Amino acid sequence: MSAPVIIVGAGIAGLACARTLHRAGRSFQLFEADSQPGGRVRTDLTEDGFRLDRGFQVLLTAYPEVRRQIDTKRLQLRAFRSGAVIRLPDGKETMLRDPLRDPLGVLAALRAPIGTLQDKLRLGALVAGVLGREPDALLREEPISTLNFLRRHGWSEEIIARFFVPFFGGVFLDRTLSGPAGFFKFVFQQFVLGRAVLPALGMQRLPEQLAAALPKESVHLGVPVSSVSSGGVRFGNGQFTEGSHVVLAVDGKNANRLLPSHPAPDGWRKTTCLYFAAAQSPGKGDGYLRLNARADSVVHNVCFPSDIAPEYAPRGSALVSASVHGEHGLDEETLLEKVRLDLAEWFGEAATEWRHLRNYEIPFALPTGPQTPPAVRLYEGVYVCGDHTAYPSLNAALATGRLTAEAILLKN
Ligand SMILES: Cc1cc2nc3c(=O)[nH]c(=O)nc-3n(C[C@H](O)[C@H](O)[C@H](O)COP(=O)(O)OP(=O)(O)OC[C@H]3O[C@@H](n4cnc5c(N)ncnc54)[C@H](O)[C@@H]3O)c2cc1C
């Protein structure tokens, strides 16, 4: 019998790799530094019953790898309404309904004060342009920034500031929209084709589903790997474990540290998520994400997860999630003060009564750099997978993990 495949890292990529190998009957040993699997996809349950995802994130049901690898029925998905509520520079909210799923919303969408009539017609053309395209083909397109793409194709500064920056700035954690236009088109296509959802019991249900299918004796938690080579891995105590193949499924920073020939990401996008408990939902139960188009605000987007997934809050309470993208340069107390002021201006005096639950400051949320379709990557005989080898998304993590396992299975 050949030695097992060694996988380092039990984030979504490592778990997808392990599960693909396991389903094919191939033995593996998975080593994860943390005490739980999931990597950047984790949920904490507070003592009083709030489910707090470590940073606001959503699953998109149209992701090709979600359709391929995830049993979505068992995740009990709860969907946000398609569209968004946008807070305009004058502080008023406007509702942007999705005309594809809500035909009555077409006229309202055309009238919404977020851009010219031509802008809205261009949006329609963009929708038509991405439908039916291969996701990977979109990723290969246009090596220019999203902002340049939008300007070059004639969108007004108004719709850029009032729709694209609040919406996609939130997805990319980058309000300058400096990432590649191909990735923007891919994400736009995924929003058009599917829904943004949360598993009823938190985002961590996603890695838990992948991990549940693995033999327990093959998964080692709380075991950081300190060096890797094509023949195996070494631990802090000097012990060496041999593998037929070694898969490095860690984040981009640690991949470069363990295997310097694998380039580090160009940089990282940071986000901070603040959670509050409210006595009742400030969202009127409409189920929309709320995006802030005001340039002077510290809060960039807000949502009420318990409006769509009541399991996120104990009975009689509502959960408020507020995100601040990028470097805010504030200490925790000042940040909280500014966020509270913003929320009170946005949602009224009641917001001053919301009980602060917790902050998640995530400096290494999304890697930046070239964004390419998922592929098998081999450096010095070590396979490398994870979002940083393709583009920053759950879909890329799932795809690169699966493709790596399939490449190994083809070898022997
Ligand atoms: C706040 C936030 C919001 C996001 N929003 C979205 C979203 O809405 N939609 C979307 O598609 N994507 C989103 N993402 C991105 C998505 O979560 C990631 O792309 C994906 O989880 C990356 O998975 P991964 O397996 O590649 O890496 P990771 O999750 O980073 O997993 C790597 C694992 O390797 C382990 N590790 C590191 N070093 C070692 C070592 N030496 N030994 C052993 N183990 C090690 C780590 O502990 C970790 O568990 C978001 C991410 C964040 C943080």
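Just so you know, these numbers come straight off a predicted model, no measurement behind them. Hydrogens, waters and symmetry mates are skipped; everything else that's a heavy atom, side chains included, is used. Counting starts at 1 for both ligands and their atoms, in listed order.
In terms of modelled atom types and a separation under 3.5 Å, the side chain of S244 and the main chain of A3 share a donor-acceptor contact.
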Sequence neighbours excluded and cut-off under 3.5 Å, please list the side-chain donor-acceptor pairs for residues 10-21, or say none.
from, atom 1, to, atom 2, distance (Å)
R19, NH2, Q69, O, 2.4
T20, OG1, A16, O, 2.7

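Every ring pair (Phe, Tyr, Trp, His ring centres under 6.0 Å) that F163 has, sequence neighbours left out, goes to F167. R151 is linked by a side chain to side chain donor-acceptor pair (under 3.5 Å) to E157, counting only residues two or more places apart in sequence or in another chain.
The aromatic ring centres of F304 and F347 sit less than 6.0 Å apart.
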Where does ligand 1 get N/O contacts under 3.5 Å from the protein, atom by atom?
from, atom 1, to, atom 2, distance (Å)
ligand 1, 8 (O), V58, N, 3.0
ligand 1, 8 (O), V58, O, 3.2
ligand 1, 9 (N), V58, O, 3.1
ligand 1, 11 (O), Y63, OH, 2.7
ligand 1, 11 (O), L394, N, 2.9
ligand 1, 12 (N), L394, N, 3.4
ligand 1, 14 (N), Q57, OE1, 3.3
ligand 1, 17 (O), Q57, OE1, 3.0
ligand 1, 19 (O), D387, OD2, 2.7
ligand 1, 19 (O), S393, N, 3.4
ligand 1, 19 (O), S393, O, 3.4
ligand 1, 25 (O), I12, N, 3.1
ligand 1, 25 (O), A13, N, 2.9
ligand 1, 26 (O), D387, N, 2.9
ligand 1, 27 (O), R40, NH2, 3.0
ligand 1, 29 (O), R40, N, 2.9
ligand 1, 30 (O), R40, NE, 2.9
ligand 1, 30 (O), R40, NH2, 3.0
ligand 1, 41 (N), V225, O, 3.0
ligand 1, 42 (N), V225, N, 3.0
ligand 1, 44 (N), A33, N, 3.1
ligand 1, 47 (O), E32, OE2, 2.6
ligand 1, 49 (O), E32, OE1, 2.7
ligand 1, 49 (O), E32, OE2, 3.1

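No hydrogens or angles considered: nothing links the side chains of H388 and Q371 as a donor-acceptor pair under 3.5 Å.
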